[in-house]
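All values below were derived from every heavy atom in this structure, side-chain atoms included, with hydrogens, water molecules and symmetry-related copies excluded. Chain A is the first sequence line, chain B the second, and so forth, proteins listed ahead of strands; every chain is numbered from 1.
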2 protein chains.
Amino acid sequence: MPAHDTHAEPKYYQVKKKLLNDIAGLKPGHAIAPERELAEQFRTSRTTVRQALTELVVQGLLERAQGRGTFVANPKTTQTLQLNHPLDDIQANDIFPTSTLLTLDIEHADSEVSLRLELRGGARVVRIEKLRLTSGEPMAIETAYVPASRFPYLKRHLKQHKSLYCALREHYGITLSQAEETIETVLCPPREAMLLHTEVGAPMLLLSRRSYADDGTPVEFARSLYRGDRYKFATKHTRPN
Amino acid sequence: MPAHDTHAEPKYYQVKKKLLNDIAGLKPGHAIAPERELAEQFRTSRTTVRQALTELVVQGLLERAQGRGTFVANPKTTQTLQLNHPLDDIQANDIFPTSTLLTLDIEHADSEVSLRLELRGGARVVRIEKLRLTSGEPMAIETAYVPASRFPYLKRHLKQHKSLYCALREHYGITLSQAEETIETVLCPPREAMLLHTEVGAPMLLLSRRSYADDGTPVEFARSLYRGDRYKFATKHTRPN
DNA sequence: CAGTGGTCTAGACCACCTC
DNA sequence: AGGTGGTCTAGACCACTGT
């Protein structure tokens with residue numbers, strides 16, 4: 001069958017809605033029909049079926065396993081991250097019981113990092129990249145940058161400490177007094193997709209944070225990439241008066 | 001050419017990177033080569049080229065116009081929305097000088113709305129749906145729900161007032177004292193894609209808000225869908241001690 | 001080995017825009 | 001009429017998983 005009305009609902013979207021209905025009652029882990037079979041059922045092509053499946057995977061309702069099949073995913077256990085006190089480590093260590101150190105090295109700041117840390121271009125920065133996991137599943141990648149010149153031997157110190165903030169406090173007497181954060185949607189690059197077991201191009205939540213010391217100088221710039229199908233962020237507001 | 005190494009960088013992603021390079025120096029509005037021509041250039045299929053183009057469009061770097069071509073988009077003028085004082089209207093009216101009323105009616109609450117407003121299932125709610133624009137371009141859709149029983153004649157009052165909060169204050173003596181907000185990524189449904197001039201399935205930012213009156217009862221539940229390629233949200237934090 | 005998802009191809013027809 | 005993007009098709013080969 002050829003095309004269709006423009007501005008009508010795309011065919012893949014109708015397939016998606018039908019699939020959504022079909023999997024509504026199924027338990028996590030339940031296998032759904034193979035893509036080729038679904039294409040026959042819906043009298044469409046595998047490409048169209050895959051487009052529908054991809055959106056459902058991106059929304060966290062299905063999981064694909066190469067060579068095995070497509071399965072109903074765990075209930076969208078969207079974790080809620082409170083944005084209230086990012087200056088403590090408590091939260092991170094609470095939500096992510098385990099984390100793997102991916103990178104700990106000294107690099108030359110690219111233009112964005114040097115801008116955010118108010119350094120000259122190419123200044124040396126310590127880069128700390130961690131993979132955060134919950135119940136063994138990779139969920140977020142956090143990359144923090146701090147000026148290397150201000151914190152000599154930081155790399156060494158970090159090997160003995162659990163957290164960056166702890167090291168800053170104990171070895172350099174610095175407490176972070178202020179922070180700005182932004183949240184936006186980005187598409188997952190290949191390397192991060194592999195580490196997080198997601199698909200390349202899947203929408204992710206990017207939380208960027210800049211933290212300041214008491215003297216008002218920026219001390220840390222961090223980028224945290226969260227799986228968009230697993231997380232949401234939360235804030236609370238109270239009226240001043 | 002057939003396939004490729006699994007876990008290698010997908011071909012479309014290489015095309016995307018090359019295109020990114022090519023458009024780096026071009027001004028907004030500049031037309032790029034047609035899809036069929038790009039497919040020849042990169043010695044690949046149109047499908048693959050379109051996959052790369054789609055990601056660039058989603059990131060806000062390109063714009064597609066049916067029948068005309070593909071063009072370099074305006075610089076990613078990502079607007080930053082402060083999350084600090086959502087209880088005032090000031091912000092909304094400041095950032096979005098114009099807004100169109102899409103819907104103003106009374107409906108039966110679905111399960112999510114009744115849950116959030118602590119109503120019984122199917123209770124009647126006033127639904128206010130607005131399209132927010134900046135410089136004539138549609139940027140967000142905001143849908144607010146309030147219990148109909150608590151605010152009689154609200155529909156009528158809203159026709160005379162600029163804002164919901166203003167009407168609540170002046171006609172019912174209610175000021176909102178508290179609010180919770182969550183931010184997550186969702187995929188754009190067809191109707192909203194049409195209204196916002198985006199693509200179906202494009203990643204969007206969904207901000208959900210529940211506001212409480214002084215007596216602690218939930219008064220408003222609102223869902224705001226922002227174009228993911230145009231917005232980011234920002235918060236500031238200050239250490240208590 | 002057969003079956004699954006992962007990627008890519010070549011080409012079709014449509015709707016839209018411009019000339 | 002011709003070119004553009006929008007959607008869909010049928011089918012190919014690959015990598016991976018199970019038997």
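With R223(B) as reference, E112(B) is the one residue of E112(B), E184(B), E129(B), E192(B) to meet the salt bridge (charged side-chain N to carboxylate O under 4.0 Å, His left out) rule.
The 5' end of DNA chain C is approached more closely, in terms of each residue's nearest nucleotide, by G69(A) than by the other of G69(A) and T47(A). For G67(A) and Q51(A), each mapped to the nucleotide of DNA chain D holding its nearest heavy atom, the one lying further toward the 5' end belongs to Q51(A).
Closest to the side chain of R46(B), out of dG6(C), dA10(D), dT7(D), is dT7(D). Of the candidates dT17(D), dT9(D), dT9(C), the closest approach to any side-chain atom of T44(A) belongs to dT9(D). When distances run from any side-chain atom of R68(B) to the nucleotides dG6(C), dT18(C), dT9(D), the shortest one goes to dT18(C). Looking at the side chain of Q66(A), the nearest of the listed nucleotides dG6(C), dA15(C), dT9(D) is dG6(C).
Atom OH of Y13(A) and atom C1' of dG6(D) are 17 Å apart (whole Å). Between L38(A) atom CG and dT9(D) atom C1' there is a gap of 17 Å when expressed in whole angstrom units. Atom CD in E40(A) sits roughly 13 Å away from atom P in dT9(D) (whole-Å rounding). Put simply, NE2 on H197(B) is 16 Å from C1' on dG5(D), counting in whole angstrom units. Whole-Å rounding puts the E35(A) CD to dC8(D) C1' distance at 16 Å. At whole-Å resolution of the value, CZ in F71(A) and P in dT17(D) are 12 Å apart. Here dT4(C) presents its P atom at 16 Å from CG of L62(A), a figure rounded to the nearest Å. With rounding to whole Å, K16(A) atom NZ is found 14 Å from dC8(D) atom P.
Put simply, T70(B) has a side-chain N or O that comes within less than 4.0 Å of OP1 or OP2 on dG5(D). Residue S45(A) places none of its side-chain N or O atoms closer than 4.0 Å to OP1 or OP2 of dA10(D). In this model, the phosphate group of dG6(D) is approached by a side-chain N or O of R50(B) to a distance below 4.0 Å at OP1 or OP2. Put simply, T48(B) has a side-chain N or O that comes within less than 4.0 Å of OP1 or OP2 on dT9(C). Between K11(A) and dG6(D) there is no side-chain N or O to OP1 or OP2 distance below 4.0 Å. At the phosphate of dG6(C), OP1 or OP2 sits under 4.0 Å from a side-chain N or O atom of R64(A).
R124(A) and E107(A) are not joined by a salt bridge, as no carboxylate oxygen comes within less than 4.0 angstrom of a charged side-chain nitrogen. Classification of R209(A) and E180(A) as a salt-bridged pair fails, no side-chain N sitting under 4.0 Å from a carboxylate O. Contact check on R227(A) versus E137(A) returns a salt bridge, with a Lys/Arg side-chain nitrogen under 4.0 Å from an Asp/Glu carboxylate oxygen.
Ring centers of F233(A) and F233(B): at least 6.0 Å apart, outside the cut-off.
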